[in-house]
Each structure stands twice: as C-alpha cells, then as structure tokens.
Amino acid sequence: MRPYQAEYLDNLRQFAALSQRGRPGELTCGEYAAQMAENRAQIIRLGRRNMELLRTGLFPVLDNLFDAGEEDLKELEEFSFHLFDARRELDVGLFCQIHQALLTLARQKKDRNAMIRELYWLGMGRNSLCGKLVGLPLSDVAEYMTHMRLCFAEAAAYLKYFDEIEDTETQGYIIRARANMSLGQFNSPGEKIQLVRHTLEILQDTGYQKAAPGLPWERFLYLTHQNMTSSTSHSRENMMSPEDIASIMESAYIVYTRRFQEAKTQGSQPPAKSAFGYYTIEFYCGLYGLDTLLQKLEDLLDAADPTDYSTDGMYSMISLPAFYSQYLSQYPDRIPPRTEYIQSLYRRMLDYADAYPRELSGDSLFLYLRQLCFTFIETDGGLSYGEFLLRLMPRFAPEIYRHSHIVGEAAKALCAAIMDDDPSYFDDIDFIRIISDPTEKRRAVLDYAMGCGVFHDVGKISVIELYNRTARQWFENEYEMAHLHTLAGQILLEPRPSTSRYAPAALGHHAWYDGTRGYPSSYKRLECPERQMVDIIGLVDWLEIAVNSNQAYNRIEQTFEEAVRGAAELEGTRFSPLLTARLRDAQTAERLKRALETGAQNAYLQMYDGARQSTPPKA
C-alpha cells in the first residue's frame with residue numbers, strides 16, 4: 001500500500017471517531033465545549049489533508065490508468081477493499097469511484113473477467129449507498145436503485161456464457177450478481193419475489209453446478225432463501241399473490257428450521273429476526289389474526305436482552321420495535337390499549353442506546369435507530385417525537401446538531417428584529433395569527449424559529465454517512481444524494497403532532513425565492529403558508545454555512561460581513577428582498593452576527609447536559 005493510501009485510511013478512522021459525541025466524563029462544561037471545538041477543528045484539518053492526498057496521490061493514477069502496471073492496479077484494488085469490502089466500510093463513495101475507473105479500463109481492454117468482477121463490486125458499493133437511504137419512498141430513490149441493479153444485471157447477463165468461463169471466481173461473481181439483482185426497493189413484493197424465485201431455480205440447476213463444482217452452492221442457496229424471507233410486505237395495502245406467499249413460506253421454513261436447529265444445538269433461542277419472518281408469513285397465510293401476530297411480537301420484544309450489543313441484539317432491541325410500530329401505524333385502532341407498552345418500549349430502547357459501549361462503532365446502532373425514526377408513534381403522555389430526535393442527534397450527528405442549533409438561535413435573532421418593526425409579519429401562519437396578545441405572539445414566533453432551525457436538517461440522518469464518514473469533498477453524485485435530506489426531513493416531521501409545524505422548513509430551506517433554482521421541486525413557495533419562516537431559515541442556514549461550515553473541505557473562509565454581501569448579491573433570486581433589506585440594518589446585522597457566534601457554545605452546552613444525563617451510572 002502506498003503511503004498516501006495508508007495515511008488516508010488512518011485519517012478516515014480518526015474522522016469517524018471525532019464525528020461521534022464523546023461522554024464528558026469529569027470534564028466541566030467549558031472543557032467539554034473546548035474539546036468539541038477542537039474535535040471540529042481536527043475534522044476540518046483531516047478533510048483538507050485527505051483532499052491533498054487524493055489530488056496528489058490517487059487522482060493522477062486514475063487519470064493515467066490505461067498505462068498503469070499490474071502492480072499499480074493490484075495496489076489500487078487493495079486500497080479500495082480497505083475502503084469497503086461489504087463487511088466494513090470507511091469510504092464507499094471513493095470505493096465506487098475507483099471501481100468505476102477499473103470497470104472503464106476493463107471495457108477498454110475487453111477483459112471479460114475483469115468487467116464482470118468490477119460490475120459486481122461497483123454494484124456492491126452502490127447497494128451499500130442505497131441501503132443507507134432509510135425511510136425514503138421508492139419514487140425519490142429509484143435512480144440510485146436502478147444504477148445499482150444495472151451493475152448486477154449486466155454481470156449476471158454473462159450467465160449465458162457460464163460454460164465458457166473457466167475461472168471459478170468469475171463464475172461466482174456471475175451467480176452472486178444474479179442473486180443481488182433482487183436487492184433494494186421494488187414497487188411491489190411480487191417484483192422481488194419473481195427475481196429471487198428465478199435465482200433459486202438457477203442455483204438448483206445441476207448443469208450450472210457441474211460447470212462450477214468449486215462454488216459454494218449450498219451457501220448461495222441458503223442466503224437466497226434468506227433474501228426471499230425478507231420479501232414480506234408489512235402492509236396489507238400491497239397484498240402478495242398466493243404463489244408469492246407460498247415461495248416465501250417455503251424459504252422461511254428452510255431458514256427458520258436451520259436457525260432453530262442451530263439454536264437448539266447451542267442451547268439458545270432462535271434469532272428474533274428469523275422468528276419474526278416466520279410469524280409474519282403465518283399471519284399472511286391466515287393462520288391467525290393481527291392481534292395474535294402483535295402478541296407474538298411482544299413476546300419477542302420482552303425476551304430481548306438489553307445487554308446484547310451484537311447484530312441480533314440490536315435487531316431485537318431496535319428493529320423489532322420499529323416493525324411493531326409500523327404495524328400499529330397501519331392499524332391505529334390497536335394503539336390505545338398498548339399506549340403504556342409503547343412508551344415503555346421506547347424508554348427501554350433509549351436506555352439501550354445510551355448504554356451502548358462507546359468502544360464499539362455506533363454506525364450499526366444508528367442505522368437501526370434511523371429505521372425507528374420513520375415508524376415512531378407518539379402517544380399521549382409519552383415521549384414526544386421531538387424529544388426522541390433531540391436524544392439522538394447530539395450523540396450520533398453532533399456536527400449536524402451544532403449547525404442546526406446555531407441556525408435556530410440566529411433565526412430567533414432575525415425574527416426578533418423583524419417583530420420589533422412589524423408584529424404582524426408572520427400572520428400568514430395560522431397558529432401565529434390567532435394569538436392576540438403581542439407578548440405571547442412574539443414568544444410563539446421565537447419558539448417557532450428555534451424549532452425550525454433545530455429540526456430543519458433532521459433529514460440528514462437518512463444520508464448521515466455523507467457527513468460522518470466522508471472526510472473529503474463530495475463527488476457529484478453525493479451532492480445529489482444529499483439533496484434528499486429535504487424530502488426525508490418532511491417525511492420524518494410532518495406526520496407527528498410535536499414536529500409537524502417544522503416540516504415546511506425542512507422541505508423548503510434550499511429552495512430559491514424566485515423558484516428558478518434550488519431543491520426540491522415539490523416545495524412550492526407561494527403555496528406554503530409558512531414561507532416567511534422558511535425564507536428566514538434558508539437565509540440563516542446559508543449564512544452559517546458560508547461563515548463556518550464551508551471551511552470543512554475547502555479553503556473558502558468568509559467573514560460574516562463577506563457572507564452578508566454575498567447574500568445581498570442574491571437578493572430577489574435566492575433570498576427574499578424583505579430579508580436581505582434587514583441585513584443592511586447595522587443593528588440587525590450585529591444581532592445576527594452575535595447569534596451565529598454564541599450559537600455554537602450554546603449548542604455545546606446542550607450537548608454537554610444531554611451527555612451527562614445519558615451517562616450510565618458508575619458500577
């Protein structure tokens with residue numbers, strides 16, 4: 001491995017560790033804030049250094065790949081598999097860039113085996129990226145699913161030449177690619193089931209087995225049955241055909257029987273994941289009703305071990321509550337009798353997350369928690385969704401929380417200045433207009449501004465790896481993927497009473513005032529009653545990024561005054577003239593500047609208090 005590659009990998013590991021909020025231990029609040037600020041400064045240094053390493057080390061190699069020697073190509077592949085190998089990941093985006101370049105080289109050289117190999121690994125990298133897009137509807141992520149699936153489909157197409165290929169490894173890539181065509185989201189369970197069913201037929205074809213006796217056919221077959229059991233639709237709005245249910249039932253029986261036998265041999269219970277899959281199929285087959293299924297789920301939940309931090313343990317403690325909540329959301333009449341149980345379930349889940357050993361990577365834990373973010377149920381007297389998010393964000397997304405808290409405080413400052421001159425400025429917003437008392441109205445506006453700021457970027461948890469793992473500038477496709485955070489934010493906030501009023505700010509804060517640019521297209525400014533507040537969040541978010549966050553991966557550093565002049569140049573296009581006019585007022589600009597400066601310290605104070613409260617007691 002080249003020195004620049006080793007340094008890049010070491011920087012990635014440091015970046016990931018620094019991106020997690022540490023427990024304060026014996027630190028005072030001031031010491032903790034100083035440590036968090038130093039962590040952020042170190043993150044900026046690592047990002048800049050990694051870009052230097054890529055520009056001087058990797059990019060020249062990729063630009064001259066056709067002339068690279070065999071040893072150089074081997075080193076490049078070795079480096080890529082340290083970035084990602086389907087079991088661990090440090091930088092999937094860079095992994096995909098490398099294998100896209102290697103695929104292009106293989107096409108140029110007409111090297112069939114290399115093409116199949118690179119198509120497979122490029123598909124695996126893209127599948128990893130798709131797998132992180134938790135909770136987003138297929139219509140919003142179809143492009144990424146298609147790009148991933150096309151890689152596997154092209155590699156699998158070489159199945160017609162299976163007998164001609166003598167290399168066992170290449171034959172294995174073809175079979176695995178065929179199986180992986182069923183990964184990702186589909187419009188209906190039947191689409192996936194049909195693909196998996198065909199793969200099972202191929203795997204049991206003795207002709208293919210004789211052509212490649214060295215392949216682990218039994219393992220391939222079992223893993224494909226596992227994939228089939230995950231095809232269950234958890235909504236009766238999308239019913240499966242009898243043939244689909246029969247296919248899944250057969251696979252679920254095979255998987256569950258094997259896991260049951262393994263557990264019996266070890267003197268333990270079958271994994272909850274296998275049991276849950278089996279129960280859902282029995283439910284869809286009509287062997288029992290929803291209440292029985294919910295009771296079986298509750299039995300699994302009650303049996304979960306809160307000290308088990310393995311993959312099975314995280315599934316039982318977090319994924320099962322997410323599926324349980326999903327069923328209850330579809331049948332809301334079942335919620336009232338289970339209110340206390342739901343509340344206790346969420347408390348236990350948060351205790352589990354708080355006690356999760358810090359020496360273990362929190363990435364897997366947060367992936368499960370993100371699933372629950374999209375199915376969380378608010379109940380009267382229970383933990384609100386807003387409180388739930390504020391428990392998660394400071395720990396797992398501290399930089400996003402820091403930025404959002406600053407935006408909230410700065411938005412409050414700007415709103416206060418506006419209310420001083422025009423108390424009715426926000427009366428387009430229904431719940432503001434009905435407040436007659438001026439003091440109460442002002443307080444409501446400022447509270448609303450703070451909430452919009454704190455939650456405007458919550459959708460970034462759907463693409464958190466771009467922020468917590470990518471210690472470099474983003475590639476173009478990653479910028480496009482990051483745009484999904486606005487849609488995810490709306491999906492997370494809108495359905496729940498405690499956060500629904502913040503959804504417009506999450507959706508529209510990157511839209512342009514004149515509608516000519518920005519995203520997403522689904523945000524229509526003139527149709528949004530909350531547009532005045534959305535405009536404020538969009539402006540303040542832009543200023544904070546210009547002054548602070550832009551420093552992370554490039555050398556662009558702006559003073560507040562330079563950022564204000566930049567905003568003024570976008571008056572009437574990106575930003576509302578009503579707001580940019582406010583920036584010309586020296587007193588308002590000073591209040592805004594002070595809020596941007598003090599917001600970070602206040603964010604660290606909130607994080608400190610939260611970390612102290614979630615610190616497990618000493619033994």
Side-chain angles (χ1 to χ4, degrees), residues 18-19 21 24 28-41 43-44 386 389-420 442-443 445-458 460 467 485 489 502 505-506 509-510 533-552 556-564 566-567 575 579 582-583 585-611:
L18 291 167
S19 296
R21 182 192 70 181
T28 66
C29 181
E31 291 169 338
Y32 181 76
Q35 182 186 72
M36 295 297 293
E38 173 54 33
N39 286 356
R40 185 169 185 274
I43 284 173
I44 292 173
L389 291 175
L390 290 177
R391 288 283 296 271
L392 299 186
M393 288 177 63
R395 168 156 181 204
F396 295 101
E399 178 60 19
I400 294 171
Y401 177 77
R402 183 202 67 85
H403 163 73
S404 298
H405 190 93
I406 295 172
V407 170
E409 293 209 8
K412 277 181 64 177
L414 184 54
C415 287
I418 292 172
M419 293 289 284
D420 288 343
R442 181 184 179 88
R443 184 184 304 113
V445 168
L446 300 188
D447 287 347
Y448 184 46
M450 187 69 198
C452 285
V454 167
F455 291 117
H456 80 285
D457 267 347
V458 70
K460 287 181 177 178
Y467 300 91
H485 83 273
Y502 308 126
H509 66 278
H510 283 291
M533 186 61 75
V534 177
D535 290 345
I536 287 173
I537 297 300
L539 172 62
V540 175
D541 175 74
W542 188 90
L543 289 172
E544 199 286 327
I545 290 173
V547 174
N548 293 319
S549 301
N550 242 0
Q551 301 175 23
I556 300 175
E557 297 186 31
Q558 287 184 293
T559 64
F560 174 77
E561 291 72 22
E562 289 171 336
V564 166
F575 302 117
L579 299 182
R582 298 277 175 181
L583 297 180
D585 176 69
Q587 187 176 3
T588 299
E590 182 59 31
R591 290 168 73 170
L592 190 55
K593 179 181 180 181
R594 188 162 57 248
L596 288 172
E597 291 172 346
T598 60
Q601 288 299 315
N602 292 335
Y604 292 142
L605 173 61
Q606 295 293 324
M607 293 164 67
Y608 177 80
D609 289 342

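Below, each value reflects all heavy atoms present in this structure, side chains not excepted, and no hydrogens, waters or symmetry copies. The chain is numbered in sequence order, starting from 1.
- Asn39 contributes atom CG, which lies 5.0 Å from atom CG of Leu18 (distance to the nearest 0.5 angstrom).
- Heavy-atom minimum distance, Ala595 versus Ala410: CB-CA, 3.7 Å.
- Shortest non-hydrogen contact noted between Leu389 and Pro394 is O-CD, 4.3 Å.
- Formation of a donor-acceptor pair under 3.5 Å by the Asp585 side chain with backbone atoms of Thr588 is found in this model.
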- Tell me, with the steps shown, if Glu544 and Arg402 meet salt bridge (Lys or Arg N to Asp or Glu O under 4.0 Å). CA-CA 11 Å; Glu544 199 286 327; Arg402 183 202 67 85; 3.5 Å; yes
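- Contact between Leu539 and Ala567 at its shortest, heavy atoms only, is CD1-CB, 4.0 Å.
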- What's the verdict on side chain to side chain contact (heavy atoms under 4.5 Å, CB included) for Ile418 and Val445, showing C-alpha distance, side-chain angles and the deciding distance? CA-CA 10 Å; Ile418 292 172; Val445 168; over 6 Å; no
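- Here the CD1 atom belonging to Ile536 is positioned 13.0 Å from the CG atom belonging to Asp541, to the nearest 0.5 angstrom.
- Inspection of the His509 and Asp457 side chains reveals an N or O donor paired with an N or O acceptor under 3.5 Å.
- Atom CZ of Arg591 is separated from atom CD of Gln587 by 6.5 Å, given to the nearest 0.5 angstrom.
- The shortest non-hydrogen separation linking Met533 to Cys452 is CG-SG, 3.9 Å.
- Looking at His456, its side chain does come within 3.5 Å of a backbone N or O of Gly453 through a donor-acceptor pair.
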- Evaluate the criterion side chain to side chain contact (heavy atoms under 4.5 Å, CB included) for residue pair Glu597 and Phe560; output intermediate values, then yes/no. CA-CA 10 Å; Glu597 291 172 346; Phe560 174 77; over 6 Å; no
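- Within the model, atoms NE2 of His405 and CE of Met450 stand 4.0 Å from one another, a figure rounded to the nearest 0.5 Å.
- Counting heavy-atom neighbours within 6.0 Å of Lys460 NZ, excluding the residue itself, gives a total above 12.
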- Task: May I have the step-by-step check of side chain to side chain contact (heavy atoms under 4.5 Å, CB included) for Arg442 and Asp420, ending in yes or no?
- Result: CA-CA 9 Å; Arg442 181 184 179 88; Asp420 288 343; 2.9 Å; yes
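- Between Ala33 and Gln601, the shortest heavy-atom distance links the atoms CB-OE1, 3.6 Å.
- We find the CD-OH distance between Glu31 and Tyr608 to be 8.0 Å, quoted to the nearest 0.5 Å.
- The two residues Cys415 and Leu446 make their nearest non-hydrogen contact at CB-CD2, 3.9 Å.
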- Message: Assess the residue pair Tyr502 and Val454 against the criterion (side chain to side chain contact (heavy atoms under 4.5 Å, CB included)); give the C-alpha distance rounded to whole Å, side-chain angles, the decisive distance to 0.1 Å, and a yes or no.
- Response: CA-CA 9 Å; Tyr502 308 126; Val454 167; over 6 Å; no
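- To the nearest 0.5 angstrom, Leu579 atom CG is 7.5 Å from Leu583 atom CG.
- The shortest side-chain heavy-atom distance between Glu399 and Tyr467 does not fall under the 4.5 Å cut-off.
- Aromatic ring pairs are classed by plane angle as parallel below 30°, tilted from 30° to 60° and perpendicular above 60°; the pair His485 and His510 is perpendicular.
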